[in-house]
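In listed order, ligands and their atoms are each counted from 1. Since this is a predicted model, take the numbers as computed values, not measurements.
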Amino acid sequence: GKTNSAPDLDYEVLVIGAGLSGIFALYRLRELGFRARVLEAGSGAGGTWYWNRYPGARFDSESYSYQFTFSQEVLNEWDWTEHFAGQPEILAYINFLCDKFDLRSDIQFDTKVASAHFDQSNNCWRVTDDAGKQYSCRWLLTAIGFLSAPTLPNIPGVQDFKGESHHTSRWPKQPVTFEGKRVGIIGTGATGIQSIQEIAKTAGHLTVFQRTPNWAVPLHNGPISKEEMAVIRDDYPALFERCRKSYMNFLHMPETRALSDVSQEEREAFWENQYENGRGFRLWLSNYRDVAFDREANKICSDWIADKIRQRVNDPETAERLIPRNHGFGTKRVPMETNYYEAYNQPNVRLVDVTETPIECITETGIRTSKEDVGLDMLIYATGFDAVTGAFDAMDIRGIDGLRLKDRWEGSPRTYVGMTVDGFPNMFMSMGPHQSYGNIPRSIEYAVNWITDALAYFRDKDITYVEAKPEGVGMWTEHVIDAAKGSLANEVDSWMTGINKNLPGKQKRIINRYTGSAPGFRKFCDEIAADGYKTFKLN
Ligand code: NA7
């Protein structure tokens with residue numbers, strides 16, 4: 001049997017968060033014989049897919065490429081009904097995993113972690129929840145997501161509105177209806193776009209308050225029949241192999257040619273085919289390789305997509321407002337849409353460009369712009385997140401000598417392979433800053449396997465203290481910054497560059513995720529493990 005590496009502590013491992021990272025971590029920790037517990041703020045498992053119940057929430061990655069691969073039985077048993085499953089189906093899948101592996105018995109729900117302090121004299125973490133209950137553990141694993149701390153707009157009067165209001169990622173469990181209601185929505189990111197196209201179907205009236213338009217492209221969702229599911233399932237090994245080889249773990253392979261290698265006719269036919277038939281992120285990720293780096297190439301592609309928007313929106317002025325002016329295609333996370341642009345052709349949908357008529361305040365009865373009072377029964381905030389470091393900042397995490405993680409990361413996060421931080425021994429992060437994100441479950445499976453394998457190694461060697469070395473952190477941080485060089489995505493304001501215009505502390509562009517190749521990342525981390533974790537201080 002496995003020896004208990006922390007007999008005097010409540011748990012060997014505490015996991016914060018029961019989203020995809022947390023539930024897979026629990027599965028693995030149990031398999032490895034650890035005494036582990038998961039603390040979860042919500043009343044159910046699923047993280048992102050638990051909280052984001054807003055209408056139209058769905059995968060933008062193919063369902064079968066996004067699912068977990070760790071259990072062949074689950075792969076055999078679970079059928080996907082759509083190429084891009086909706087949130088209810090995704091949550092059902094997560095609950096299916098929880099049932100099948102009896103995960104809930106080691107998840108403590110409705111438990112929000114307030115603080116986690118490293119206790120140097122005992123090489124353990126002391127965790128406190130917001131009800132004041134304390135827990136001790138040898139190893140702390142944060143599984144808190146990088147888009148999990150929602151932010152409201154910094155508009156005066158947010159608290160004054162008397163109608164129904166919801167942030168998309170804190171959507172209620174009880175049904176919300178839009179029939180006969182005057183609905184307003186702020187935000188046109190990936191979330192806003194998914195919501196708008198859905199709410200437009202039933203709302204009495206929908207007003208979209210747009211500050212920055214986005215380059216949304218067709219998702220091309222569709223049902224998966226039983227027969228097609230069987231064909232897809234037969235292809236699983238090849239499909240996962242493709243994800244493993246790809247740069248960001250997606251199914252889509254990069255186009256090896258540059259835009260300058262092909263004629264205008266050829267590139268237009270190529271884009272036309274991607275736009276009309278390419279599922280999900282294909283147009284974005286399988287684009288000519290220079291579109292992400294070369295301003296000219298990017299402009300040619302963006303102009304081509306702008307014409308598509310013009311063709312789809314009847315009112316020319318509305319069409320122009322929906323075309324991004326200050327960032328090129330693919331330099332922000334590309335939202336996926338299904339009849340999004342056509343929604344603006346409906347008589348019940350109106351676009352208000354708040355760069356022309358700024359929002360002055362939110363009132364008891366709606367939104368006041370510089371031009372008018374828009375009366376609303378319901379106000380929806382699709383205003384995004386305090387991304388990447390936000391969920392860490394929300395907890396009081398302290399390492400050696402009381403050093404706060406928030407202070408350690410002042411200005412910009414610093415990590416060793418995105419999973420550890422110097423000064424914070426025995427703490428590991430799944431989907432922390434400076435990790436390779438991309439197709440998230442692929443990244444999660446790797447990170448969680450790497451972390452839990454490491455913990456098993458430490459247990460077997462009686463190691464109770466593991467800390468990243470400052471030189472490792474310096475090296476990785478520099479490498480992350482180097483890997484991002486040249487990408488046009490660094491030159492825009494978005495959560496991917498650390499900007500949140502609603503938060504005074506998030507006004508400086510930084511590199512907060514690893515944009516080098518995922519296979520390269522895995523190779524690098526595999527070598528650390530193969531080498532006995534010598535790049536860490538071990539005790
Ligand atoms: P995003 O992509 O951060 O989008 C937030 C949107 O909300 C964006 O359009 C913002 O406009 C808008 N916003 C935020 N605050 C305001 C104020 N004060 N006034 C007007 N408009 C505002 O969040 P999402 O939830 O859509 O997507 C997050 C990720 O989740 C996404 O990338 C996917 O990977 C899944 P702005 O651009 O700042 O002008």
Side-chain angles (χ1 to χ4, degrees), residues 19-20 47-49 51-54 56-61 66 84 87 90 145-158 166-171 184-197 207-216 219 248 250 280-281 284-285 321-322 324-327 330-337 340 351-362 367-370 374 379-388 390-391 431 437-441 443 489 492-504 506-507 509 512-513:
L20 292 176
T48 289
W49 302 109
W51 295 104
N52 286 269
R53 297 160 187 268
Y54 62 84
R58 69 173 62 250
F59 284 153
D60 286 336
S61 298
Y66 190 99
F84 301 89
Q87 179 273 340
I90 302 163
F146 57 92
L147 292 163
S148 52
T151 46
L152 288 170
N154 57 348
I155 300 172
V158 167
H166 308 290
H167 190 287
T168 45
S169 87
R170 288 296 178 272
W171 202 262
I185 183 166
I186 300 176
T188 48
T191 300
I193 286 173
Q194 284 190 336
S195 306
I196 291 161
Q197 65 195 17
T207 309
V208 177
F209 296 89
Q210 171 190 272
R211 182 164 66 191
T212 311
N214 264 298
W215 296 104
L219 176 66
M248 291 205 291
F250 290 107
F281 291 140
W284 182 24
L285 301 176
R321 290 188 179 104
L322 287 166
R325 303 288 161 192
N326 300 320
H327 74 280
T331 61
K332 292 187 190 182
R333 201 285 205 178
V334 173
M336 292 287 122
E337 54 85 23
Y340 171 67
L351 181 68
V352 172
D353 183 334
V354 304
T355 62
E356 293 167 12
T357 53
I359 297 178
E360 287 180 350
C361 62
I362 294 172
I367 289 186
R368 179 169 304 153
T369 71
S370 59
V374 182
L379 182 46
I380 298 169
Y381 299 109
T383 45
F385 302 88
D386 184 357
V388 185
M431 301 303 96
Y437 295 155
N439 182 3
I440 299 304
S443 300
V492 302
D493 291 344
S494 80
W495 70 261
M496 293 187 176
T497 52
I499 299 288
N500 183 319
K501 291 176 188 151
N502 298 309
L503 300 173
K506 299 263 172 139
Q507 301 305 313
R509 281 188 205 148
N512 60 13
R513 62 202 174 106

Test of understanding: with side chain to side chain donor-acceptor pair (under 3.5 Å), list the residues that count as partners of E337, not counting sequence neighbours.
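E337 satisfies side chain to side chain donor-acceptor pair (under 3.5 Å) with R312 only.
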Under the side chain to side chain donor-acceptor pair (under 3.5 Å) test, residues paired with K332 that sit two or more places apart
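K332: no side chain to side chain donor-acceptor pair (under 3.5 Å) contacts found.
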Note the single closest protein heavy atom to [atom], along with its residue, its atom name and the distance in Å.
| atom | value |
| --- | --- |
| atom 4 (O) of ligand 1 | G189 CA, 3.7 Å |
| atom 38 (O) of ligand 1 | R211 NH2, 2.9 Å |
| atom 9 (O) of ligand 1 | T188 N, 3.0 Å |
| atom 39 (O) of ligand 1 | T212 OG1, 2.4 Å |
| atom 20 (C) of ligand 1 | I186 CG2, 3.6 Å |

Quick one: does F385 get within less than 4.0 Å of ligand 1, heavy atoms only?
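Contact check F385 vs ligand 1: positive.
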Would you say A190 has any N or O atom under 3.5 Å from an N or O of ligand 1, going by distance alone?
yes
Does the N or O separation between R333 and ligand 1 drop below 3.5 Å for any pair?
yes
Between [atom1] on residue [X] and [atom2] on residue [Y], distance to nearest 0.5 Å:
| X | Y | atom1 | atom2 | answer |
| --- | --- | --- | --- | --- |
| I193 | Y340 | CD1 | OH | 4.5 Å |
| H166 | R53 | NE2 | CZ | 13.0 Å |
| F385 | L503 | CZ | CG | 12.5 Å |

Atoms of ligand 1 close to [X] [distance to a heavy atom under 4.0 angstrom, numbered from 1]:
| X | result |
| --- | --- |
| G384 | 3 (O), 5 (C), 23 (O), 25 (O) |
| A382 | 5 (C), 6 (C), 7 (O) |
| L147 | 29 (C), 30 (O) |
| T191 | 24 (P), 25 (O), 26 (O), 27 (O) |
| N154 | 18 (N) |
| G187 | 6 (C), 7 (O), 9 (O), 12 (C) |
| P153 | 17 (C), 18 (N) |

What is the ring orientation for F59 with W49, classed by angle as parallel under 30°, tilted 30 to 60°, or perpendicular over 60°?
perpendicular
Below 6.0 angstrom between ring centroids: does that apply to F250 and W284?
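Aromatic pair excluded; centres sit 6.0 Å or further apart.
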For residues R170 and P150, determine if any side-chain heavy atom of one lies less than 4.5 Å from a side-chain heavy atom of the other.
yes
Counting neighbours of CZ on R368 that are heavy atoms of other residues, nucleotides or ligands and sit closer than 6.0 Å, is the number greater than 12?
no
Applying a heavy-atom cut-off of 4.0 Å, say which part of N502 lies close to ligand 1: side chain, backbone, both or neither.
side chain
Among T357, L351, I359, I380, side-chain contact (heavy atoms from CB on, under 4.5 Å) partner for F209:
I359
Pick, from W495, Y381, F146, the option with the minimum heavy-atom distance to atom 32 (O) of ligand 1.
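Nearest heavy atom to atom 32 (O) of ligand 1 lies in W495.
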If you apply the rule side-chain hydrogen bond (donor to acceptor under 3.5 Å, both in side chains), what do you find for T151 with N500, and how did you get there?
CA-CA 9 Å; T151 46; N500 183 319; 3.0 Å; yes
